[in-house]
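One structure is given below, encoded as structure tokens.
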Amino acid sequence: MTVPQLALRALQPGQWMQRQQAHEQRVAQYADPYLQRRSAGLKHPVEDFLFTYYSHKPGQLRRWHPGAGVVLTGQQAQDRLTWKHYRIADVVERHAAGLPGGCPGVVFDAESFCSGRREAIDFTRMILGRTAARPAQFGCFGLHEWAMVYQQESNQVRHDYLSLRLGPAGTDEVVEKSRIRCTHFDAYRFYTPQAAPLNELEPTRENQRDLEQPGCLHANMDLYKWAYKLSPALPSELVMDCFELSWQIRAMDMKASPYDLADWGYPPIRIETAAGKSAYVAQQRYFSTRSAQLRTKLLDALAPLG
């Protein structure tokens, strides 16, 4: 399979190694505390999530990639030839990147990546594009988290080390008096059996592409998933932009959840009140705007892959 010819630029060792170091330090502030907790057998309901729910591990996230269209120069770049989807730049590519004759370089191997990941590339482009094209909905108030613990006493399915802020009966009452209209399958699939029929929609993996919308916190968190699944085709800085947005959304999502996380440093957004609903929507709109910007960047980064 042939992919479009990429515009190429060269990075000297001092340039790309500085970016690599900055990326590693950026990752470390999130990954190191998680690894320390894991080693100690401790859990954190907010700050462990991106490392336990998503499949991308800290070691994978720590690896810096320049993305498509970059030629890495210098002896240290040769180490990447043992990494998947890297190869020696050919004569044409070195010339296109402005490298003098005989100067070696290493590039992301777009052709090998695309040959094995075409379905993933096409699906990601489709889900991102369709989500961006839909109007954002801001009336869910984070009730998906409440539906995950509805009538929990009989199910005992989630976070048994956390207490419910309103207690089991108060939590159930909020669910029963609310309109629940979650559009995201990967939230809906964790509903308790009693809560699932209360959702106005029935998200499935098959209709995901038709339901996801840009106001959804979980759809916006998943920008990180789509980004890392296409690594190393994307620059790691973009992957980390998505990671950090997802981290912030997770914090807001759990503040609005039924759990009492005040002692963890996460004061509640009381979505059972009018003021809480207003605060929730304001933050939801903010994250929707930021996510739209990243969604556009992801789509732009996918364009050279055909």
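All figures in this text were calculated on a predicted structure; none of them were measured in a lab. Values below: every heavy atom of this structure, side chains too, minus hydrogens, waters and symmetry copies.
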Problem set entry | Geometric class of the F49/Y53 ring pair [parallel <30°, tilted 30-60°, perpendicular >60°] |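 Answer is parallel, since the angle falls under 30°.
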Problem set entry | Parallel, tilted or perpendicular: rings of Y34 and F51 (30°, 60°) | parallel
With the side chain counted from C-beta on, respond yes when [X] and [Y] share a heavy-atom pair under 4.5 Å apart, and no when they do not.
X: L223; Y: R295; value: yes
X: T171; Y: W146; value: yes
X: D253; Y: H218; value: yes
X: S257; Y: M254; value: yes
X: C140; Y: Q284; value: yes
X: K229; Y: R117; value: yes
X: H65; Y: Y86; value: yes
X: T183; Y: E212; value: no

Exercise. Could you walk me through whether E93 and R87 pass the salt bridge (Lys or Arg N to Asp or Glu O under 4.0 Å) check?
Worked result: CA-CA 12 Å; E93 290 167 330; R87 60 170 174 78; 2.6 Å; yes
For this session: Check the side chains of R205 and Q208 for a donor-acceptor pair under 3.5 angstrom, ignoring hydrogens and angles.
Result: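 Short answer, yes.
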Problem set entry | Presence of salt bridge, D122 and R125, under 4.0 angstrom |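 Result for this pair is yes, salt bridge flagged.
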Problem set entry | Basic-acidic side-chain contact under 4.0 Å: R62, D32 |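 Salt bridge flag = yes for D32 with R62.
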Can any side-chain N or O of [X] pair as donor or acceptor with the backbone N or O of [Y] at less than 3.5 Å?
X: T82; Y: D79; value: yes
X: Q15; Y: Q12; value: yes
X: T289; Y: R285; value: yes
X: Y280; Y: A256; value: no
X: Q248; Y: L245; value: no

For this session: Would you mind listing every side chain to side chain donor-acceptor pair (under 3.5 Å) that reaches into residues 235-244, with sequence neighbours excluded?
Result: R19-E237, R26-D241, R26-E244, Y30-E244, W64-E237
Exercise. Does the pair K84 and D109 meet the rule for a salt bridge (Lys or Arg N to Asp or Glu O under 4.0 Å), with working shown?
Worked result: CA-CA 9 Å; K84 194 173 183 180; D109 191 341; over 6 Å; no
Exercise. Between H144 and H184, is the gap from one ring center to the other below 6.0 Å?
Worked result: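 That pair fails the under 6.0 Å test.
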For this session: Assess the pair Y191 and Y188: is the distance between their ring centroids shorter than 6.0 Å?
Result: yes
Exercise. Cluster question for you: counting only ILVMFWY and a side-chain heavy-atom cut-off of under 4.5 Å, with indirect links fine, are W83 and M17 together?
Worked result: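 Not linked; separate clusters.
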Seminar exercise, completed: Interatomic distance, CG@L128 vs CZ@R209, rounded to 0.5 Å, equals 13.0 Å
Problem set entry | Listed partners of Y224 passing ring-ring contact (aromatic ring centres under 6.0 Å, His included), at least two apart |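 For Y224, the residues satisfying ring-ring contact (aromatic ring centres under 6.0 Å, His included) (neighbours in sequence not counted) are Y54, Y228, F243.
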For this session: Under the ring-ring contact (aromatic ring centres under 6.0 Å, His included) rule, collect the residues that match up with H85, sequence neighbours excluded.
Result: F113
